Amino acid sequence: MSLNMSRRSVLRAAGAGATALAVGPALAACDSGGPVSVSNEGTKQAAWPAHVPAETHYDLPALPGNGAPAVLDYPSLPLRASVRGKPGDGTTVTCMALSYGAAVRLDPSNRLVKAIGDAMGVTLKPRFVIDTGTSYTTALATMMAGGEQPDILMIPATGAPHISEFIRSRCADLSAYLSGDAIREYPNLAALPTRGWQLTGRIGGGVYGVPTYRYNAPQVALFADRDKLEKAGIWGKGVSVEDFTDGLSRLSAGGHYGMGSSSAAAFGWTYHAGAAGAPNWWGESGGTFRFTADTPEFEQAVANMRRFHSRRVYNPDALTLGAGDAQPRFVNGTWVTWPNGTGGAAQILSQARDFTADLAYPYGDAPNTPGGDSVFGFTVVKKSSPARIRTLLRVLDFLAAPFGTKEFELVQYGVEGVHFTRDKGGAPANPTALGRQENSTNLPFKYLNSAPQPLFLPGLAGLTRRLYDSQKTLLPICRPDASAAYRFSSPTFSAKWAGVSPALNSAVTDAVSGKTKVSEWRSTVARIKQQNGLDQMAEEFAKAKATAG
């Protein structure tokens, strides 16, 4: 239930509109002309890849329940290599992924693309689609409808209309290459936790995707001016919604607002739903799945947000403010709190220099935090010859290099002296002028694949510890999306999920702003469920769970 697909709005990437939906009929049949089935029911299911952990050292150990470890000091130089020789065969490899950065030149003058390609032994031709809300799902839809399919393609965890059928019909079944001990040919992929493969799920019984796995962590949190909340008596566990509202109301004065939000975030409902105890998108009990908005806890969250709105706790331009203008208002102190995705937590907390910025424990009697271990997305490869598929998997193996290796440093930071210089501890902490353009934000090969990363902030050991401690506090109440491992084998999810987030976003916005009544919430949800096939989705998730065992 992240406000972001990774660190921005998960709601923003979900709806590609009519353009995406129009590709459905073209994928109703596979290459042979027969129907495409993505369900795992009645299929022989491929074994999950074996797990062979990588040799790594962390200063602070992994937190319980797959929580992230932390690194305070950069590994000693020279860094070790995690792959033998060059994995490529001298051919050109095309790839596509989304980006949260800025556009940069991708011609042969780009030194980072060339350096990574040279290290791999291939000529890389990437395409990075900058996130503008629906841009990546629109790009996927265009490609699925007849555009040129890249060799390597990132699939977002939120999916896209009819993406499962596309994968089954036009992408390689990787089971023979990765299931069981076969994956040992790709050591960095073998080091990916089994949980990552399980969360990606099977399609038609096969392993099609290579997961970009994330450690267990809160995906959404309340960024807060800890000093002000402590002074107002609303910091820590056990703060009631009434006291929280009163405290934020007192802090909403003199050009400051107790809680900030932007148009893309829809009053930050993903955070507030968790605070009220609602499931993270889907809850499950006894094999039965229930949509989050169709719960008493979510209805209570809507009432709570309406209370905040009526007490003028939110910034008055919450429905018109652009997402890019939100972070500056928090770090400059205009907003006392701000519900947001945690992917950029280190950057946000480090920029707030005039107050102690931290992640707050949720208010309420029995809160949870949307999170858990997850996949940011997964990567599929184009149907090709066995030799070609192995080459592409070796490329992904290179990208999955663990922290502290030569390959990881190259993909994450670039070339020493060209893109960065080191601090006194050896960390690549100082980007050059070129490195401020050619970097892993603007050239996110990491979204095609990467190993789960420890908490590490070059030169900021104190902030690293603070983030580690915050996650340690929040992990016990992190709640994952119960549908995550089953969604891509659900035909209804594949066909209709794109419409759910925009509809829910709009419904919450109307109820919180007073355009509709909170008392009408149940009828609103019933309409969203009927229009988007949510009951059918729930049944398909239940069957997939029973099949998985």
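Just so it is clear, the model here is predicted, and its values are computed rather than measured.
Residues meeting the salt bridge (Lys or Arg N to Asp or Glu O under 4.0 Å) test with Lys529, sequence neighbours left out: Asp294, Asp535. Every residue two or more places apart in sequence or in another chain that forms a side chain to side chain contact (heavy atoms under 4.5 Å, CB included) with Arg527 is listed here: Thr524, Gln531. Ser263 pairs by the side chain to side chain contact (heavy atoms under 4.5 Å, CB included) definition with nothing, not counting sequence neighbours. By the side chain to side chain contact (heavy atoms under 4.5 Å, CB included) test, Ser240 pairs with Glu242, Asp243, sequence neighbours left out. In this view, Arg202 satisfies the salt bridge (Lys or Arg N to Asp or Glu O under 4.0 Å) rule with no residue, not counting sequence neighbours. Tyr213 meets the ring pair (Phe, Tyr, Trp, His ring centres under 6.0 Å) test with no other residue; sequence neighbours excluded.
Annotation: Phe378 is in aromatic contact with Phe488 [ring centroid separation under 6.0 Å]. Aromatic rings from His309 and Phe267 are positioned such that their centres are separated by under 6.0 Å. With ring centers used as reference points, Phe445 lies under 6.0 Å from Phe128. You'll find the ring centres of Trp335 and Phe223 outside the 6.0 Å limit. Under the 6.0 Å cut-off for aromatic ring centres, Tyr486 and Phe541 do not qualify, their centroids lying 6.0 Å or more apart. In summary, the aromatic rings of Tyr257 and Tyr314 are positioned with their centroids too far apart to meet the 6.0 Å limit.
The shortest non-hydrogen separation linking Leu474 to Pro362 is CD2-CD, 3.9 Å. Met537 approaches Asn532 most closely through the heavy-atom pair CE-O, 3.3 Å. Closest heavy-atom contact between Ala400 and Asn449: CB-OD1, 3.0 Å.
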task = Would you check, one step at a time, whether the test side chain to side chain contact (heavy atoms under 4.5 Å, CB included) holds for Arg170 with Lys383?
result = CA-CA 6 Å; Arg170 288 167 54 183; Lys383 273 189 177 179; 5.6 Å; no
task = Start with the C-alpha gap between Leu63 and Asn216, add the side-chain angles, then the distance that decides, and say whether side chain to side chain contact (heavy atoms under 4.5 Å, CB included) holds.
result = CA-CA 9 Å; Leu63 290 166; Asn216 187 2; over 6 Å; no
query = How far apart are the C-alpha atoms of Arg214 and Val375, what are their side-chain angles, what is the distance that settles it, and do they pass the side chain to side chain contact (heavy atoms under 4.5 Å, CB included) test?
reply = CA-CA 6 Å; Arg214 297 289 192 255; Val375 291; over 6 Å; no
message = Evaluate Asp317 against Arg329 for salt bridge (charged side-chain N to carboxylate O under 4.0 Å, His left out), listing each step before the verdict.
response = CA-CA 12 Å; Asp317 57 352; Arg329 297 200 183 189; 2.9 Å; yes
query = Yes or no on side chain to side chain contact (heavy atoms under 4.5 Å, CB included) for Leu98 and Tyr100, after CA distance, side-chain angles and deciding distance?
reply = CA-CA 7 Å; Leu98 64 79; Tyr100 296 120; 3.7 Å; yes
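Cation-pi geometry between Lys237 and Tyr361 is met: under 6.0 angstrom from the ring centre, within 45 degrees of the axis.
A donor-acceptor contact shorter than 3.5 Å is absent between the side chain of Thr379 and the backbone of Met154. With Ser506 contributing its side chain and Ala503 its backbone, the two residues share no donor-acceptor pair below 3.5 Å.
In this structure, CZ in Phe376 is found 9.0 Å from OG1 in Thr158, a value given to the nearest 0.5 Å. With rounding to the nearest 0.5 angstrom, the CZ atom of Phe493 is 9.5 Å from the CH2 atom of Trp282.
Of the charged side-chain nitrogens involved, at least one lies within less than 4.0 Å of a carboxylate oxygen, so that Arg522 and Glu299 count as a salt-bridged pair. A salt bridge links Asp481 to Arg487: at least one charged side-chain nitrogen sits closer than 4.0 Å to a carboxylate oxygen. Salt-bridge annotation for Asp151 and Lys382: absent, with no side-chain N of the basic residue lying under 4.0 Å from a carboxylate O of the acidic one.
For CG of Asp365, the number of neighbouring non-hydrogen atoms (other residues, nucleotides, ligands) closer than 6.0 Å is 12 at most.
Side-chain N/O atoms of Gln219 and Ser374 include a donor and acceptor closer than 3.5 Å. Counted by atom type alone, Glu540 and Ser39 present zero donor-acceptor pairs between their side chains at under 3.5 Å.
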